[in-house]
Amino acid sequence: MTVPTVYIVGAGLSGMALAESLSRPERGVPIRIVLLEGRPNPGGRVSSYRETYTGQWVDNGQHLFMDVYSSMLSFLDRLGTRNRVVFPSPFSIELLDGKDKSHIFRIDPKLGRIGGLLGVLSFSGLSLGSRLSMLKAGSRMSSGALKEETVDHLDARTFLLQSGATPESIERFWELLIVSATNLSSPDVSAALLLRILRETLFGPRGSSLIGWSSVSHRELVIDPALTLFERRGGEVRLKSAVAKISLSDNRVRSMVVGDQELNLSPNDHLVLAMPPWSLEKVLPIEMMDGELCQNIMRISFFSGIVSIHLWFSGPVDLPSIGGFMSGPIHWVFNKDRMLHPEIPEEKRPDGKNYLDVAYGGEEGRRSAGTFLSLTVSGVDGRDETSDEEWVQRALLAVERFSGLHPLPDLLHHRVIRERMSTPILGPGQSLYRPSNQTGVSNMWLCGDTTDTGLPATMESAVRSAHVLAEILVRGLLPGGGRK
Ligand SMILES: Cc1cc2nc3c(=O)[nH]c(=O)nc-3n(C[C@H](O)[C@H](O)[C@H](O)COP(=O)(O)OP(=O)(O)OC[C@H]3O[C@@H](n4cnc5c(N)ncnc54)[C@H](O)[C@@H]3O)c2cc1C
């Protein structure tokens, strides 16, 4: 019998993680794996571009990690790049309120669940009544008696209010957390997703989890290492290979169009569609269109966008690694200089100088190096038509507010990146429609952040979906495996 081929369509995070997992030599699975990507560049929603202004790889948008991202971090372990993700501990974020007053939210995970409790109680951005309401809501949400499926029909805002949260705590705290974790505002997102996020992060068995970031670009962290490893193991990567018409017969995929060529699948070959719902609905076989799977996929094919505004200044702008805005319109400002140089302490030196300035060779060196900031707006309507100039103006105002600098150093360069299709809209009740890895077609599978992992559409969900599917496929592909 010929060695089976697994075609993986989509070199995003889930496709790359699946390729890595299936190609592990220790699995002893005799297969050929072909990774097909429609675009000229791999990575999907975790991509990097070569910034002409600096010559460096710069990401499409800031991605944050949690130390509970077990699947994603184990993938990075395999690639040998996990040490590039930093998790400052204790973790503190500076948040600016609508009156430009700053408040620190600090969590010390060493204190377990008490750490989260103390973080909330000492957060000066909320009235005492609201802080207590957060504890009340938190205690309800962390109780095992409350099942996620029983609140999936509710939106997160209604659920929080029912759990005792005050409107002030929602507007000044929960909203920022929810839009950042789900890319949707609280009235649009399922309460079950909020519950899952909080249980995996703030109310985890070990207490609160830490937030971290990569100190290198997506390209260096995942894309190049994953594809290099995969090719070294004998895998094949084909870019600019968009898959179109998939044809079935006898409930099997018989062929598909790749670019302008038809590719036939042998009886023991498999096809994995590692792509988001809005891409899936364009390629699924015509005879499946009336079926439940396609109908469900169409229900979750609506998307929410993220706008990233990258700014390069002529001189220092002294900001923490992560700064949040409690009242929008920008949600976060990231000091990329600090994030890309985690070895440099955030606090000032005893002589009052900034460690980052010193590392750059004093004020002169820093002036020539400039400052690279990236600002993020989540939950942006995919049809938003705000101009680049308008986004940049909003971003500059936000930087002024956070830094207190008037005027700011000269803006040398900017880039506005609109990821209109950043995440699917997983509103109340929509978890019912998230597909599993199975399609009902015997050799066709799904993979990606929107499959039914129960998590919001995140890097962790994408990789978890890939790892679950890898186990199913390996069981079936091994001689004498579980396939009936
Ligand atoms: C700006 C931004 C910020 C984000 N921030 C975070 C964050 O802080 N934390 C977090 O955990 N997650 C974050 N995410 C979400 C995270 O990036 C995604 O959940 C994850 O990358 C999804 O991976 P995927 O493989 O499921 O899908 P994708 O990355 O969408 O990959 C699908 C791939 O399939 C390809 N494809 C589609 N159709 C075809 C076709 N017909 N033929 C061939 N190829 C095709 C696409 O080109 C793409 O490369 C963010 C996303 C964005 C855009």
Side-chain angles (χ1 to χ4, degrees), residues 7-19 34-48 59-66 68-69 71-73 75 85 179-183 197 200-201 211-214 218 222-223 226-227 237-246 256-259 263 271-284 303-310 322 331-332 334 374-380 382 416-424 426 437 446-451 453 455-466 469:
Y7 295 97
I8 304 172
V9 185
L13 205 45
S14 62
M16 291 188 290
L18 180 64
V34 181
L35 184 55
L36 300 163
E37 168 56 46
R39 295 187 199 162
N41 294 311
R45 282 172 276 161
V46 289
S47 61
S48 307
D59 293 338
N60 60 334
Q62 183 62 51
H63 280 59
L64 293 177
F65 293 71
M66 304 260 187
V68 289
Y69 273 16
S71 310
M72 178 69 195
L73 292 172
F75 177 38
V85 180
V179 82
S180 308
T182 66
N183 201 24
I197 296 162
E200 293 226 353
T201 55
I211 294 177
W213 59 81
S214 170
H218 296 322
V222 199
I223 303 168
L227 298 186
V237 182
R238 295 191 206 157
L239 301 176
K240 294 196 221 167
S241 298
V243 167
K245 205 162 163 280
I246 296 171
M256 59 185 170
V257 174
V258 183
L263 197 153
L271 174 65
V272 178
L273 302 172
M275 51 173 79
W278 46 86
S279 305
L280 271 179
E281 59 170 30
K282 294 191 193 122
V283 299
L284 282 173
F303 40 79
S304 177
I306 296 178
V307 175
S308 302
I309 306 131
H310 298 333
I322 306 183
H331 292 118
W332 297 103
F334 299 102
S374 178
L375 292 92
T376 299
V377 192
S378 300
V380 179
V416 176
I417 301 182
R418 295 174 183 76
E419 286 282 6
R420 293 185 189 278
M421 300 176 183
S422 288
T423 54
L426 297 173
N437 296 106
L446 302 181
C447 179
D449 64 354
T450 317
T451 57
T453 59
L455 299 169
T458 52
M459 297 186 284
E460 175 64 7
S461 181
V463 178
R464 204 174 289 185
S465 171
L469 178 57

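Atoms within each ligand, like the ligands themselves, are counted from 1 in listed order.
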| query | Run the side-chain contact (heavy atoms from CB on, under 4.5 Å) check on Arg45 and Asp449 step by step: do they pass? | reply | CA-CA 11 Å; Arg45 282 172 276 161; Asp449 64 354; 2.8 Å; yes

| Evaluation steps, side-chain contact (heavy atoms from CB on, under 4.5 Å), between Val9 and Val283 | CA-CA 11 Å; Val9 185; Val283 299; over 6 Å; no

| request: Evaluate the side-chain contact (heavy atoms from CB on, under 4.5 Å) criterion for residues Leu455 and Tyr69: first the C-alpha distance (whole Å), next the side-chain angles of each, then the deciding distance (0.1 Å), finally the verdict. | output: CA-CA 11 Å; Leu455 299 169; Tyr69 273 16; over 6 Å; no

| field | CA sep, side-chain torsions, deciding dist, call: Val243, Tyr7, side-chain contact (heavy atoms from CB on, under 4.5 Å) | value | CA-CA 10 Å; Val243 167; Tyr7 295 97; over 6 Å; no

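Between atom CD1 of residue Ile306 and atom CG of residue Asn183 there is a gap of 4.0 Å, rounded to the nearest 0.5 Å.
Of the heavy atoms in Thr458, both backbone and side-chain atoms come closer than 4.0 Å to ligand 1. Of all the heavy atoms of Val283, the ones lying under 4.0 Å from any atom of ligand 1 belong exclusively to the side chain.
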Identify all side-chain donor-acceptor contacts of residues 272-282 below 3.5 Å with residues at least two apart in sequence or on another chain.
residue: Glu281; atom: OE1; partner: Ser301; partner atom: OG; Å: 3.2

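Across Pro456 and Ala181, no two heavy atoms sit closer than the pair CB-O, 3.8 Å. Counting all heavy atoms, side chain and backbone alike, Leu239 lies closest to Pro40 at CD1-O, 3.2 Å. Taking each heavy atom of Ile309 and Val416 in turn, the nearest pair found is CG2-CG2, 4.3 Å. Considering every non-hydrogen atom in both Thr182 and Thr423, the closest pair reads O-OG1, 3.9 Å.
Compare Met256, His63, Met16, Lys282 by their heavy atoms: the one nearest to atom 6 (C) of ligand 1 is in His63. Summarising the contacts of atom 38 (N) of ligand 1 with Ala244, Pro40, Gly61, Ser279, the nearest heavy atom is found in Ser279. Within the set Glu37, Glu460, Arg418, Met459, the minimum heavy-atom distance to atom 12 (N) of ligand 1 is found for Met459. With distances taken over non-hydrogen atoms, the option nearest atom 30 (O) of ligand 1 out of Met66, Arg45, Arg39, His218 is Arg45.
Of the possible donor and acceptor atoms, none in the side chain of Ser461 sits under 3.5 Å from a partner among the backbone N and O of Thr458. In this structure a side-chain-to-backbone donor-acceptor pair under 3.5 Å is missing from Gln62 to Leu375.
Counting the atoms of ligand 1 from 1 in the order shown, those under 4.0 Å from a heavy atom of Gln62 are 3 (C), 5 (N), 8 (O). Residue-ligand proximity, Gly44 to ligand 1, at heavy-atom distances under 4.0 Å covers atoms 29 (O), 48 (C), 49 (O). Taking every heavy atom of Pro276 and a limit of under 4.0 angstrom, the matching atoms of ligand 1 come to 30 (O), 32 (C). Near Ala457, meaning under 4.0 Å from one of its heavy atoms, ligand 1 places the atoms 15 (C), 19 (O). Here is the list of ligand 1 atoms found below 4.0 Å of a heavy atom in Ala242: 42 (N), 43 (C). Close approach of ligand 1 to Ser241 is summarised as follows: ligand atoms under 4.0 Å from at least one heavy atom of the residue are 43 (C). The contact set between ligand 1 and Ala274, taken as ligand atoms under 4.0 Å from a residue heavy atom, comprises 32 (C), 33 (C), 34 (O). Distances below 4.0 Å separate heavy atoms of Glu419 from the following atoms of ligand 1: 53 (C).
The protein atom (non-hydrogen) at minimum distance from atom 23 (O) of ligand 1 is Ala462 CB, 3.7 Å. The single protein non-hydrogen atom nearest to atom 18 (C) of ligand 1 is Asp449 OD2, 3.5 Å, given as residue, atom name and distance. The single protein non-hydrogen atom nearest to atom 24 (P) of ligand 1 is Ser14 OG, 3.6 Å, given as residue, atom name and distance. Among protein heavy atoms, the minimum distance from atom 7 (C) of ligand 1 is reached at Leu64 N, 3.5 Å. Of the protein's non-hydrogen atoms, Tyr69 OH, 2.8 Å is the one closest to atom 11 (O) of ligand 1. At the shortest separation from atom 53 (C) of ligand 1 among protein heavy atoms lies Ser422 OG, 3.3 Å. Closest protein heavy atom to atom 34 (O) of ligand 1: Gly10 CA, 3.2 Å. For atom 39 (C) of ligand 1, the closest non-hydrogen atom of the protein is Met275 CE, 3.6 Å.
Partners of Asp59 by side-chain contact (heavy atoms from CB on, under 4.5 Å), not counting sequence neighbours, listed by chain and number: Ser48, Ser217, His218.
Below 3.5 Å of separation, one finds an N or O of Gly38 facing an N or O of ligand 1.
Side chains of Ser308 and Ser374: a donor-acceptor N/O pair is absent below 3.5 angstrom, by distance only.
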